[in-house]
> 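To start, I am sharing the structure in question, which I have written as structure tokens.
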Amino acid sequence: MGRRRMGKQTTSSLSHRPSRRDTMISAGAAFLMTSFFPCLAHAGKTATQFIEKLGEEAILQLADPDISNRERERRFRVLLEENFDTARISRFVLGHHARNVTPEQMSEITRLYMEVAVLTYAHLFASYAGQGFKVIREVGMPGDRYIMVLTEIQPTDGKAAVKLDWQIRAEGDSYAVVDIQVEGASMAITQREEYTAVLDRSGGDIPDLLAQLRAKVENLRSDRTD
Amino acid sequence: MKQIFSIGRSGILTAALAALLLGGCASRPSDPDALAYYLETGDPLEPMNRAIFQFNEITDKVILRPAAIGYRAVVPKGVRAGIHNFLNNMKSPITILNALLQGEGVRARDTFGRFMTNTILGLGGLIDIASDAGIPQHYEDFGQTLAVWGVEPGPYLVLPLLGPSNFRDGIGAGIDGAIDPFGRYISNEYGPEGAAVRYTLNALDWRASNLKTIDDLRNSSLDFYATVRSGFRQRRAHDIRNGRLPDGDFTGGPGVIDFDNMDMDMEPPPDGAPENGKTNNQ
């Protein structure tokens, strides 16, 4: 339905430290964008630049070998809050049960849901070994509310690259991630299926879901190392 | 999961049949929302599937996972890589055949090139020279071929020891097992023990290379059964489309999900039917 490629190719790969080269490539990409797509010129930055910056920030802040896992989690939490539409995501994963949730319950579900993600994924960055992260292209039309940014993580050991597709929500000039698709599997859809299974079984018992989420967070906390 | 799935031998048909006879059905819900979810997950045999899933989980925790940890600890990395390459190379004939049946000439050619390169120059498949030479690797199976031909997946099925599948892919795996030249050779030369060794090595290799991923998924999930079912269904649809959507735009996920109309059916139809690439119309 009128969705076409923007035909933009950027190959900025992230190095361990933020290099001048990356900045130059981003600047070059921005120049290309504005010259070939003048209709986008009003936007302060593109969704591609948003994801490149997020990738750079994540590696810079989280891959630091000298910080504790607690500090890594704290930084991960900040990155999530700043760059992800957490309220929208948690509403989505509740599926048809979302309409029976009070605002207070919703904000606690959001908090716990994000905490599970923090405790599961933050420590992965501790073993970062210089994998390349590059944007393949961006799919979307100017003015679209949702833009897909297709990226690849290239492992250092010669294994096949892992495809990550980021679904970005654009609100004027600001962007927020709403979903990540890992090799074709959407995290939002997978987690909605998980939450719906739990809620269907309990007859939509939200306090029960909250209790399970709290227990999950406790478990993950007690398992992890500082 | 994909690799576990592709291990399937002819016994898989018997397992599917036995599962059917033993199985109970989940009742079809009357509430419209719950019904939409019931149809989306394609899992009318859920009670039976959950029971088999529990069995597989216990088998994994007691046998496969500890064995995979031991395998990593005892067998040197280079040897494990050799075994991995060798097992993968043996899957080539099935991929070539199914790529051809799907009209995927490039994939058949790539895989044939890989197979010849790795078998002749890579010491019978122990060294993956083809990847170093930049020949891409593909996996095709008869379940994917049936899907390309328009066969619906049918109900989701968890198979004992083999893991997530569905009716179509279970039958596909049985057929792959029957036509696999290496499978026939191993059975003829070494009998069922030979087939069992290959199956076990495949399982070990797969489990050992996914230790952390599976642990993380399992630990973070509120309902691991639902997580695996969803992941399997989406991943399968992605593999059937070979990472493409009909409009060629996305690398193969469900496309743009509508996060604004939460009550809409947001799940793409199975296997990437043409109406799949849901776009966002404002």
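Chain letters run A, B, ... following the sequence lines, proteins first, then strands; residues in each count from 1.
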> State whether Asp216(B) and Lys212(B) are salt-bridged, where the test is any N-O pair (Lys NZ or Arg NE/NH1/NH2 against Asp/Glu carboxylate O) under 4.0 Å.
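Result for this pair is yes, salt bridge flagged.
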
> Quick one: what part of Gln167(A) sits under 4.5 Å from any heavy atom of chain B, side chain, backbone, both or neither?
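For Gln167(A), side-chain heavy atoms alone lie under 4.5 Å from chain B.
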
> Drop me the distance from Phe115(B)'s CZ to Met90(B)'s CE, to the nearest 0.5 angstrom.
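The CE atom of Met90(B) is 10.0 Å from CZ of Phe115(B), to the nearest 0.5 Å.
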
> Answer yes when Arg236(B) and Asp141(B) have at least one side-chain N-carboxylate O distance shorter than 4.0 Å, and no when they do not.
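Judged by the 4.0 Å cut-off on N to carboxylate O distance, Arg236(B) and Asp141(B) do form a salt bridge.
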
> Using a cut-off of under 4.5 Å on heavy-atom pairs, state which of Asp128(B), Thr41(B), Thr227(B) scores highest against chain A.
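Between Asp128(B), Thr41(B), Thr227(B), the count favours Thr227(B).
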
> When you check the gap from the basic side-chain N to the acidic O, do Glu171(A) and Arg145(A) get nearer than 4.0 Å?
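No salt bridge links Glu171(A) with Arg145(A).
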
> Can you tell whether the side chains of Asp43(B) and Arg233(B) come within less than 4.0 Å, N to carboxylate O?
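Answer for the salt bridge query: no.
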
> So which part of Ala98(A) gets closer than 4.5 Å to some heavy atom of chain B, the side chain, the backbone, both or neither?
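Contact with chain B involves no heavy atom of Ala98(A) at all.
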
> What part of Leu119(A) gets closer than 4.5 Å to chain B, counting heavy atoms only: side chain, backbone, both or neither?
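For Leu119(A), there is no contact with chain B at all, as no heavy atom is under 4.5 Å.
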
> Any ion pair linking Arg74(A) and Glu71(A) (charged N to carboxylate O, less than 4.0 Å)?
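Salt bridge flag = yes for Arg74(A) with Glu71(A).
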
> If I measure from the heavy atoms of chain B, does Ala117(A) come under 4.5 Å with its side chain, its backbone, both, or neither?
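Nothing of Ala117(A), per the 4.5 Å heavy-atom cut-off to chain B.
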
> Between His97(A), Arg201(A), Gln191(A), Met187(A), which has the largest tally of heavy atom pairs under 4.5 Å with chain B?
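Greatest number of close heavy-atom pairs with chain B: Arg201(A).
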
> At a 4.5 Å cut-off on heavy atoms, which part of Leu94(A) comes close to chain B: side chain, backbone, both, or neither?
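Answer is neither: Leu94(A) stays 4.5 Å or more from chain B.
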
